[in-house]
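Excluded from the calculations below are hydrogen atoms, water molecules and symmetry mates; all remaining heavy atoms, backbone and side chain alike, are included.
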Amino acid sequence: MSHPLLQVDNLEVAFDTRDGTVHALRGVNLTLARGETLGIVGESGSGKSVTAQAIMGLIDVPGRVTGGTIYWKGQPIIGAGAARHQHGVWGKDMTMVFQNPMTSLNPLMTIGAQIGEVLQLHLGMTTEQAQARAAELLSAVGISGAQRRLGQFPHEFSGGMRQRVMIAMSIACNPDLVVADEPTTALDVTIQAQILELLAALQDRMGLSIILITHDLGIVAGLCHKVAVMYAGQIIEAGLVDDIFGAPAHPYTQGLIRSTPQLDVDEDRLVSIEGTPPGLRNPPQGCAFLARCPLGDDGCRAPQTLRPHGNGMVACRKAGQPAWEGEQV
Amino acid sequence: MAAALFTRFKAFWLELWADKMAAFGLIVIVLILLTALFAPLLAPYDASAQALTSRLTPPVWHERGSWAHILGTDNLGRDVLSRLIWGARATLMIGILASLIAATLGTCIGLWAGYAGGRTDSVLMRLVDIQVSFPGILLILLIVGVIGPGVWTLVIVLSITNWMVYARLVRGIVSATRQTPYVEAAEVIGCKPARVIFKHILPNLVSPLLTLLILEFTNIVLAEAAVSFLGFGVQPPATSWGLDVASGRDYLFIAWWLVTFPGLAIVATVLSINLFANWLRVTTNPEEREKRFARSLTARRCKIAPSATKTPTKDSA
Amino acid sequence: MLDFILRRLLQGVLVVFGVTTAVFLATRTFGDPVALMLPLSATAEQRAAFAAQLGLDQPLPTQFARFCWDILTLNFGDSTWQRRAAVDVVFERLPFSLMLISAGLGVAIILSVPLGAIAALRPGGVVDRLTTSVGLLGLAMPQFWVGLMAIMVFAVWLKWLPTSGAGSVWHLVLPAATMALAPLARFTMMVRANMIEELNKPYVKTARAKGLSLPRILRIHTLRNILVPFISIAGWEFITALSGYTVVIETVFAWPGLGNTAVQAIKRGDLFLMQAIVFIIAGLIVVISILLDIIAKSVDPRIELN
Amino acid sequence: MSDTTLSVAGLSIDYQLSAGGFLRKKRSVNAVTDVSFDIAPGETLGLVGESGSGKTTVGRAILRRLPSSDGRIIFEGRDITHTSGEALRKLRARMQIVLQDPYTSLNPRMKIGDIVAEPLIVHGLVAGPDEARSVVQDLMDKVGMPRDAVDRFAHSFSGGQRQRIGIARALALKPSLIVADEPVSALDVSVRAQVVNLMQDLQRELGISFLFIAHDLAIVRHISHRVAIMYAGRIVEIAPRADIYSRPIHPYTKALLSAVPVANPAVQRTRRRIVHPGESVDLANPPSGCRFHPRCPLASEKCRIQAPPLVRKDGDRFAACWNDGL
Amino acid sequence: QSIAIAIGSEPSTLDPQLRDDGGERMVNDNIYEALLARTPEGELVPGLAAALPEQLDALTWQFKLRDGVTFHNGAPFNAAAVVASVARVIDPANNSEQMAYFGTIAGAEAVDDLTVNITTTGPDPILPSRMYWMKMIEPGHAATGDIASEAVGTGPYKLQSWSRGTDLVLVANADYWGGAPEIDEATYRFVAEPGTRLSGLMAGEFDVVTALMPEFTSAVPKFAAVAGLETSVFVVGTDNEVTGNPLVREALNLAIDRQAMVDSLFMGYAQIAKGSHINPAAFGFNTALDSYPYDPDRARALLAEAGMEGAPITVVGESGRWLKDREQIEAVAAYWAEIGLNVTTDIQEFSVYLDSLMGSGPRPDAIFIANSNELLDADREMSFIYHMDGAAASNSDAEMAAMIDAARVETDVEKRQAMYGEIQQHAHDLNYTVPLFNLQDIYGMSTRMEWQPRSDAKLIIAEMTVSE
Ligand SMILES: Nc1ncnc2c1ncn2[C@@H]1O[C@H](COP(=O)(O)OP(=O)(O)OP(=O)(O)O)[C@@H](O)[C@H]1O
Ligand SMILES: Nc1ncnc2c1ncn2[C@@H]1O[C@H](COP(=O)(O)OP(=O)(O)OP(=O)(O)O)[C@@H](O)[C@H]1O
Ligand SMILES: [Mg+2]
Ligand SMILES: [Mg+2]
Ligand code: NI
């Protein structure tokens, strides 16, 4: 049987708040094959992190998974049919790198202990074995003096190094998938470049799949095979990187790309998408982008689902029509 | 306007009512406050009127009890209920005054230290340290021993020994708030320090100060009781719950009601305030407040939260 | 490190001196020590002789100079009440106080951590509500009341434990339990609140993403992280207790601690004893807070000592 | 009026880490060293550099929120290096700030109208509430906010809208210089464009000078006339925009530019990235000589010993590197 | 057999000669002895002396000592020990608080090994009573040993151990000259709280507790009450505007229903004072006087006659030092208010109170005191309260002062007795004081204890027995 590595099927997540229920994810569909890198982009609050956390089984009070299923190698791990215990999936086969390297490590545990912990738990190593392996891992992510470093605490590391430690930890058990939620947003450009190189190198070497969540279209362009664009809790466009950057079909994707200033092009004015995304407490029935969309009309009030368009999928009736004046970049 | 106020009150009450214990606490507090306020109207007797012939009458439900003294009489034949009602007045007044004085003093020093920063800050905070290192109850007893006990002494003494915590809190918040961008913005647009403090910084203090004030109030009530217990507190003919417990304790084995009722009054007051303050603390913290709401929803939905079932448990791997 | 300790000790010396001076001024300027110290029927000559003997007839600055010298030479004079060196009295009672406080706080610490942790695991759950309610009740009951009731129940009715006094471990049980009650409540609530806060921190998400079970996260990760605030709260509680807040318990259980002695010293106007007590307790408080800082540093490597 | 709005010469700033005292050495960190630049009226100077390189520190020093340990700040022809008290308060009317985080830079307890009117009131520029209201309405129009916004609180606005409110507040005093400290870093790409466009429009209309601090080289390129690059508390290169982006001189500038990802798969995959090893400088004990030398591929013995001064290389380009034009 | 005794305060020292301290006395009364003793009823009998002393002249008393008595450390008790004991107490360097009892003693000299002469500074008829309070120490131990914590006496009990703060254990002295006592071992525990003492008694931990409140006589297994040394009294300011009027003072005395107070406050464990505040057991007590009747109508009439209806008086007192002090003060104040006086009660902090009582300022209208008479001689009350120069006196009656001075040096027993009777009658007629009650000391005991307590508040273990 050739199951995809990861399949997210119509995932719905809601958060209970005093002012009503926030429908953070409203039917997210994703498929990821082995060795593939998927970028997820979208503006703040569109549900990228929630998606990642749902995949990792980290949705917690006040959130809850209200619908849909996540399959790992064909087995349901979240939603209908999922077993209560998921031995060796989370933390071993599927790991996560978080956005903020400053706070994502336990400040009072040595780096060695934090890496070793995973190895002992999932691979049943002894402390010594785990420490030896941890040292290897640190070297693998480009931290010199690994032996000495193992005994140090996170605050003795710079931001970039901490993110390397996070990555070392995430690849400790030779996972199949690493979910990276904005792994470089908190870092400087030069450091970001180092980390991205590292991720790319690791992927080459280990045949990892990566889900890379980011704001930065440039990162997606450089690193990913496929990209999914999220808006208001849904994926509104997905496809191969070249296709989407070359010819974005959804008006939102078009706007997103056009509003990004370029290093080598002088625009007179940037495209600005006026307005704000809809609130997720009472999300609109139809296209969520309607209120901000230059092409929108009454027909868009009907629910929009992902439909094939070219090589990819788009959730728009007017997919492919240019939405913003001026030339495509 | 009134309608708006009413809706706000209603929203407040609805949220409070969701936590029955806290609501109950608030009701008790209000009742006790009213009792203290209307003591002269409510008390059946003068609190210090004694009748030696009817001393140590037990409460009414006791076989020797009488309706004349519902909660019985004390060792001088004074009506326990009346003393309880008047005692509420003394106890609450001491508590409120001492808390307010301590809070005012502490807040001023905290504001000063936090806003001035630098050397002033460290000098003031050293002062706090000295006061903290001073054996607290010794200081109370020492002062009382030197200037003599009494209601006002108690108020002064309890204020002197309690202001530090306000100073620390306020200083912490002020020096943190000073760093916040909106205060920086206010300074950059040319607000004078007074305006910055009162318009931009002080409002941040209101809710933590209020919570602290409420909690500290209970400490002061307990401290008053303890000091009175040691005989350094309120002196007759004035009365307070602490004093009543103290003077009733000698009769514990034959007249349990002397200690029990004022004791219960203290417990009820402090407990109610704590219950309410506990709720208030959560309510003033937006994050906690959301969680509380979600949890109660989950509980009401009568099923285990989905997330709970999905918690990875690798215990037996 | 050494530099830190030295600096703190020096600061401490100043604090202790300030505190003791405050006592000196308070007792010399507001009251008449001689009247307090002599029996009711003492004659005027006796009073004068006594004042002269203690140097109380000298002008205040002279007295103060003498006082400063005495402090410097750690000479606190004789307790007029016990007729022996005041420091001896203090050091004789101090162990009892320390025993009571350590036992009480020890119990509170040992019980509060699991209780608070369990409550934090399921906020709003049964255990949580129960511990919170019981805790609040524990905080609301005046200590002397609890003490009297405990004697009634456990000593008079059940006859399990001695009513009062010191001498054996059994004598310690009731006072220590009474002493433990309020700190236990405070510790539990503090552990619960900090635990909940800690569980919200990003590193806990990391730990969960690593596949660790919640109990393990609690045990290995968060527990250590709440240790620092816990140490400071526990230390604070220790200091408060040391500064005489056990006196009520000591009175109720006839426990021969320093609190009672202090009350006696004040009641009897025993100035020298009073000064010695204040001095030694303030000194202890300073030392303890330095120790606390060092312990905190050893738990949390991020803390800088300055 | 002089032809430069702001002129900074040889500015150095130290942060006190701990006050000196008994048995304790004074410790301080030299966050900004010998920084000089000018801003002409109506000009935008972009200030870029990695985190901790001292950008904010420079901005705050110009606004006189920090004492400078060395150097001079000349604003509109007046030396304001040591202005303080009431004079400083007056000065504040002429230079304003827009802060990075639109969520925390507005007092959550004040209505938008009051926030924007506050500078007018504290400087006594309006006679009464009615006048304040009409001025505020004008400002709201100017920054493209709905008029009814004045009666609402900050939390009901999105990040972009809040940033516009922040700009309106800064504009209220009709300043000649606005220090914008990463005004768009916290905003989403689509919203970022709104704010950037607004700032450009305002500059054209009102002739305001901007010191525009940012991480994002692409945005800086879009909005600035000239760009200064900071590294470890020093300006390593300062030049007109076109020069910086097309012909960078300093190795750090080059590395920085090459590290910026470009949102174009074809380009991005083939770009030659100069990835320098190592991390940013610890300012508490900076390396000797050129502060970039430990990471610099071209570093020579000279770089290790002597810090290169910022010198004119050609045209309006200044750089601080011993390796000429490489 | 061993018993446990709970006392209110731990001895501050075991030196028997320095402090006037209840805790110390409770212990040392069993370890040390004096030359004279008293029967439980209060009669002076020979103690370490072989017989009652003989007065040689106005200033000299001769004591013959008991032969063959040794101290616990084996040293003999002899004239040298007596001389040393006397010298040590009165040595100003020792600043003994007991000088209140021994102020008149000039010194002692040994006549032979078993005879001592004690001299006084002036004629002192009550020297024998004083010697009842002077404990005899072992000179060698006092000089070289640690007398403050190691007691060496001649008494029926020896100190076994004293763990400060915890307990103090006495064991029977098998070599006691009066025969070994019945109880072998006595453990003292120090419990300040009356409630806690009581609970210890009820829990069976203690066999004897001191200072039981009258209310608890019904709750404890067993108790014993005895007339004590203390008499409560209001001293009235005779030079004050209102209380200067003898009619008012009489009214004050008639206004109080003493019987009701005895019944309710003291549950009967007090005697109404017989017209004066002299202890009935004391030498010089005037048995002819009767207690003031309760006659509020007459009191009101007297007030009316004096034109003092509604006149303001201030009642001064303290709280917590004597048994039910505040209750007595407040009850009396209420009675006085009832007959139409405008009463202000002023409960003062103790040092302030002391100043009111003995300071040089104006005398209060009425001040409460529980007067204690350890020497059991009327001289105490006479010189402290009745004599116009007395520390707590509120009158300026020079005639009475002269009578007191005369009585003090009168060595003829009969004459002295008569003089004191006369003075009391005089003071009674003029209502100088408002005497209230002779208080009783109540002791709680376990059921197995057999003991009749003594009126001088001494806790003599040798007088106790245990039934088992
Ligand atoms: N704990 C929570 N309580 C309530 N709502 C939440 C919670 N966490 C997330 N949400 C909501 O879920 C939605 C998606 O949030 P998410 O964090 O996935 O966004 P994101 O795309 O990762 O944004 P960003 O780019 O800012 O990280 C948001 O609208 C947010 O308000
Ligand atoms: N209050 C302060 N006390 C001590 N050091 C400080 C303080 N503020 C900043 N620094 C130090 O000064 C240096 C410059 O900081 P600054 O905030 O100016 O950098 P920045 O370029 O604005 O960085 P970012 O891009 O992260 O905003 C940094 O090394 C920082 O650690
Ligand atoms: Mg996110
Ligand atoms: Mg900055
Ligand atoms: Ni399992």
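- Other residues, nucleotides and ligands contribute at most 12 non-hydrogen atoms within 6.0 Å of the CE atom of Met21(B).
- For chain C, the nearby parts of Leu275(B) are the backbone and the side chain; heavy atoms of each come within less than 4.5 Å.
- Using a 4.5 Å cut-off between heavy atoms, Leu271(B) contacts chain C through both its backbone and its side chain.
- Residue with the most contacts toward chain C among Thr218(B), Val221(B), Leu222(B), Val259(B): Leu222(B) (heavy-atom pairs, distance under 4.5 Å).
- When heavy atoms are compared at a cutoff of 4.5 Å, Thr132(C) approaches chain B solely by way of its side chain, counted from C-beta outward.
- Interatomic distance, Ile273(B) CD1 to Leu136(C) CG, rounded to the nearest 0.5 Å: 12.0 Å.
- In plain terms, the two heavy atoms of Val267(B) and Leu137(C) that are nearest each other are CG1-CD1, 4.2 Å.
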